[in-house]
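Everything on this sheet refers to the single structure shown next.
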Amino acid sequence: MTSIGTGYDLSNSVFSPDGRNFQVEYAAKAVENGGTAIGLRCQDGVVLAVEKLVMSKLLVESSNRRISTVDRHIGIAFSGLIPDGRAFVNRARDQAAQWRRNFQSPMPISSIADDMGGLAQAYTLYSSVRPFGITAIIGGVDEDGKPGLYMIEPSGLYWGYYGAATGKGRQAAKAEIEKLDLANITIREAVKHAARIIHSAHEDSKDKEFQIEMTWVGKEETGGRHQVVPKELQEEAERLAKKALEGEDDDEDEEKEKMEE
Amino acid sequence: MNHTPENWGRPRDDIYGFYDKSFLQNTGGAQQHTTRPVVTGTSVVALKYNGGVVMAADNLASYGSLARFTDIKRIKQVGDHTIVGAGGDISDMQYLFDKLLESVLIKEEYQNDGHALRAPHIYSYLARVLYNRRCKFNFLWNSILVAGYDDEKKPFLASADLLGTRFSSPALASGYGAQLAIPILRKIAPDEASVTKITKEQAIEAIKLCMKVLFYRDARSMNKYSLAVISEEGVDLTHGVALENESWKFAETVRGYGAQTV
Amino acid sequence: MFRNSYDNDSVTFSPQGRIFQVEYALEAIKQGSAAVGLVSNTHAVLVALKRNAEELGSYQKKVIKIDSHLGLALAGLAPDARVLSNFMRQQSMSSRLIYARPIPVARVVNAIADKAQVNTQTYGRRPYGVGLLIAGVDETGPHLWEFQPSGMVLEYKGAAIGARSQSARTYLERNFELFPGLSRDELVVHGLRALRDSLAQDKSLTSANTSVAVVGIGEEFKLYDGDEVTMWLEKVGDVGSSRGRTEIEQPEASGSGPTAAAAPDTMDTTD
């Protein structure tokens with residue numbers, strides 16, 4: 001890497017002669033190795049899902065949750081350094097609470113994305129801090145039921161998305177998300193897609209055990225609250241996901257056989 | 001003579017010359033806090049029964065003796081099995097309900113760790129807030145009742161006032177209700193042991209009777225109220241319940257009101 | 001020692017996205033003596049090996065009580081653990097004061113996790129140099145959490161930290177399926193056996209070097225030290241290290257083998 005040894009990559013908030021902030025780029029590297037996280041913005045709400053790699057069988061499966069609730073109607077999934085993600089979520093919670101104190105109404109998703117994007121950007125400006133080592137996917141529904149989905153990178157850059165993916169399996173996940181007609185499906189349907197996408201994004205690191213964690217929020221489906229997807233629905237989604245992937249493998253095998261013929 | 005509070009106990013200007021107020025810094029006078037409630041709600045009454053608690057409070061907010069607002073909800077549901085009723089200053093009540101409790105609830109919910117605040121915890125929190133404010137001499141001018149279930153899943157009912165005073169009893173009432181409703185309620189719930197014999201229907205009936213008596217005799221009350229029944233299934237909270245069997249016939253027997261017999 | 005230009009402070013990422021100062025802090029845990037924790041359906045247990053700096057000195061405290069339902073074992077810099085445990089006591093007391101509720105274990109653990117994270121993102125600070133095992137009971141039952149200087153906290157059925165803790169972890173991985181149904185005493189015995197596996201060669205568990213702590217549903221946190229430990233050691237039976245003993249087949253004692261190789265990389269905070 002050309003950056004190493006030049007001295008321009010040793011401190012945050014320093015430009016290299018060609019106009020890059022290396023510390024921000026390195027922070028993004030911390031994200032690239034994290035478990036895959038995705039968000040789907042559907043007609044009636046948002047689904048968030050993460051691939052949770054199980055590092056030890058001694059861990060308590062039902063604990064150690066990775067998707068956080070920020071306010072009743074907002075959730076954040078992230079990939080990267082988990083402690084950084086927790087700190088980021090706590091700041092988002094403070095912002096959402098402050099909005100309620102000021103306006104006595106739930107914070108719009110676009111506003112919290114704007115605030116948190118600003119925060120992430122501020123952490124690239126000073127040598128006394130380092131950027132957040134996470135990419136965060138913020139999802140929720142506004143008071144009128146309109147779904148919102150945003151993805152914030154360590155640089156502070158953020159966009160609104162129909163479907164967003166980050167972490168190790170983001171490329172594979174993105175390819176799958178692009179096939180979906182997100183504007184015309186419900187979150188109940190999207191839960192099944194989300195499980196399948198996380199499963200297929202995991203393909204490359206097959207040897208490692210993992211769990212899927214999924215949450216959803218929709219005005220009708222969850223009463224506007226960000227909640228964990230019900231157990232039965234998640235199990236059904238995972239069963240279908242595994243079946244779909246096995247099907248794909250069979251197809252591939254068949255194709256191979258044909259080719260060989 | 002100047003009778004405003006910041007002049008109490010100070011030398012008179014007409015005799016001793018202008019009083020140097022500069023030590024009061026930039027406040028332009030002594031710091032003053034609320035000294036009386038403005039828009040007020042009246043009694044809250046509640047009674048335990050053998051499977052929960054019944055609570056009621058009318059829907060009136062008075063501005064002095066003016067019946068200013070007639071659709072005010074003074075009972076709030078907090079979580080699955082807890083309710084809070086408030087009397088006294090309505091704006092302070094709204095601050096307690098809509099700002100403080102709402103924020104506490106959201107913070108509790110987003111932890112998503114299987115824990116939830118129940119009635120004793122909410123009660124403890126509110127009593128602490130009231131006491132903390134009284135220590136600053138900046139009262140939240142309310143009396144509150146909290147009802148729900150305790151840690152042993154037994155009915156819970158307790159009160160706290162603007163001083164942070166805590167009190168618990170199987171039958172509780174604030175404001176005018178403390179004078180008029182408590183004697184009625186204590187007839188069927190004289191002690192904690194008697195609660196096991198009171199059915200839900202009996203409790204609702206007793207509370208309804210209290211609301212009627214209070215409407216008859218409390219000039220700051222109205223004939224429409226919120227009624228909350230806590231049972232194992234959760235909270236059944238209805239606003240705008242109309243007073244039943246209202247009859248002013250007895251008024252004739254009241255000395256100084258009806259026809260004079262003596 | 002090998003050095004690189006990215007390890008001077010905790011606000012510099014390496015080109016791979018690592019923060020070396022935090023990783024070095026994780027190494028400090030391994031300098032401390034071992035501590036083991038495990039949970040059943042009703043109890044949480046902590047056991048720890050104490051060290052004495054010199055023959056005439058006292059043994060270093062390894063287990064700290066936080067509240068009647070909560071306590072921790074430490075490995076690494078003891079002064080840092082005291083700072084964190086004082087903070088946890090404050091959190092615990094304010095929960096009782098404000099809400100009249102013993103603080104849920106996960107909440108107090110998350111509080112120190114957030115506190116520790118700040119030190120990994122701010123110049124002029126250093127990460128805490130201590131690992132903690134926090135055992136406690138709340139309304140949702142007994143819990144065991146591991147805290148790391150990175151600000152990472154994870155809930156475990158059984159966990160071990162400190163010097164040679166890999167051997168103890170191997171023991172836990174082989175036996176954890178038994179833990180849920182175990183009685184209080186059996187759980188402690190399993191904890192001590194795991195701890196015994198982390199002993200250096202020719203060392204033994206003694207009442208002087210071993211701490212035991214138990215907390216359970218309806219049972220307050222109780223720390224056993226000194227003579228009180230003897231009864232526990234008697235239940236264990238063989239309290240000597242098996243390292244270097246050839247007559248007993250204990251492949252994990254060598255720190256290698258398939259189980260050890262598949263062991264978790266607890267330093268990895270990225271999943």
Side-chain angles (χ1 to χ4, degrees), chain A residues 1 3-5 7 9-12 22-36 50-66 79-90 123 126-134 154 167-168 205 207-208 210, chain C residues 4-6 8-19 22 37-39 105-106 110 113-125 127 140 143-146 148-160 169 172-173 176-177 179 262-271:
Chain A
M1 208 177 281
S3 52
I4 299 164
D9 66 344
L10 296 175
S11 175
N12 196 12
F22 286 115
Q23 276 295 307
V24 174
E25 292 180 21
Y26 295 171
K29 279 274 190 297
V31 179
E32 284 175 23
N33 298 320
T36 312
V50 298
E51 166 203 27
K52 198 161 79 180
L53 298 171
V54 181
M55 295 175 293
S56 163
K57 56 186 172 187
L58 289 169
L59 284 168
V60 178
E61 296 91 352
S62 54
S63 188
N64 308 311
R65 302 207 66 91
R66 285 281 314 281
S79 182
L81 306 177
I82 293 167
D84 281 24
R86 287 183 46 82
F88 187 84
V89 165
N90 286 334
Y123 273 72
Y126 308 97
S127 58
S128 57
V129 292
R130 62 171 173 79
F132 283 96
I134 59 155
K168 201 178 240 167
S205 35
D207 48 324
K208 284 187 184 164
F210 79 108
Chain C
N4 67 57
S5 12
Y6 304 98
N8 290 306
D9 54 55
S10 54
V11 292
T12 308
F13 279 108
S14 80
Q16 291 76 38
R18 293 163 63 180
I19 303 157
V22 173
L38 60 171
V39 274
V105 182
N110 284 332
D114 297 344
K115 192 174 162 66
Q117 192 278 340
V118 175
N119 293 240
T120 72
Q121 204 176 12
T122 316
Y123 188 80
R125 292 174 183 261
T140 57
H143 298 281
L144 172 71
W145 287 82
E146 186 193 346
Q148 294 182 336
S150 56
M152 190 70 181
V153 285
L154 290 166
E155 185 172 4
Y156 283 95
K157 299 166 194 164
R169 205 171 301 127
L172 294 173
E173 280 171 4
F176 77 96
E177 273 146 343
F179 297 167
D265 181 8
T266 50
M267 280 168 56
D268 187 359
T269 58
T270 60
D271 264 341

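Numbered from 1 within each chain, the chains take letters A, B, ... in sequence-line order.
The greatest number of non-hydrogen atom pairs below 4.5 Å with chain A, out of C:Leu144, C:Leu154, C:Thr122, is found for C:Leu154. Ranked by heavy-atom pairs under 4.5 Å with chain C, the first of A:Pro131, A:Ala28, A:Gly7 is A:Pro131. The greatest number of non-hydrogen atom pairs below 4.5 Å with chain C, out of A:Ser11, A:Ser128, A:Gly167, is found for A:Ser128. The greatest number of non-hydrogen atom pairs below 4.5 Å with chain A, out of C:Lys157, C:Gln121, C:Arg18, C:Gln117, is found for C:Gln121. When each of C:Tyr123, C:Phe176, C:Phe13 is scored by its heavy-atom pairs under 4.5 Å with chain A, the top score falls to C:Phe13. Of the listed residues (A:Val54, A:Asp84, A:Ile134), the one with the most heavy-atom contacts under 4.5 Å to chain C is A:Asp84. Ranked by heavy-atom pairs shorter than 4.5 Å toward chain A, the options C:Ser5, C:Ala113, C:Ser14 are led by C:Ser14.
For A:Asp9, the parts lying under 4.5 angstrom from a heavy atom of chain C are both the backbone and the side chain. For chain A, the nearby parts of C:Asn110 are the backbone and the side chain; heavy atoms of each come within less than 4.5 Å. In this structure, no portion of A:Phe210 lies under 4.5 Å from any heavy atom of chain C. Looking at C:Val153, only its backbone comes within 4.5 Å of chain A, counting heavy atoms on both sides.
Taking the side-chain contact (heavy atoms from CB on, under 4.5 Å) definition, one finds that C:Glu155 meets it with A:Val60, A:Ser63, A:Asn64, C:His143, C:Trp145, sequence neighbours left out. C:Thr12 meets the side-chain contact (heavy atoms from CB on, under 4.5 Å) test with A:Gln23, C:Tyr6, C:Asp9; sequence neighbours excluded.
In this structure, A:Asn12 contributes its side chain and A:Tyr123 its backbone to a donor-acceptor pair below 3.5 Å.
Rounding to the nearest 0.5 Å places CG of A:Leu10 at 10.5 Å from CZ of A:Phe22. Here the CG atom belonging to A:Leu53 is positioned 11.5 Å from the CG atom belonging to A:Leu59, to the nearest 0.5 angstrom.
Counting only N and O atoms by type, the side chains of C:Ser10 and A:Arg130 include no donor and acceptor under 3.5 Å apart.
Put simply, the side chain of A:Leu81 reaches to within 4.5 Å of the side chain of C:Ile19, judged on heavy atoms. The closest side-chain heavy-atom distance from A:Ser56 to C:Glu173 is below 4.5 Å.
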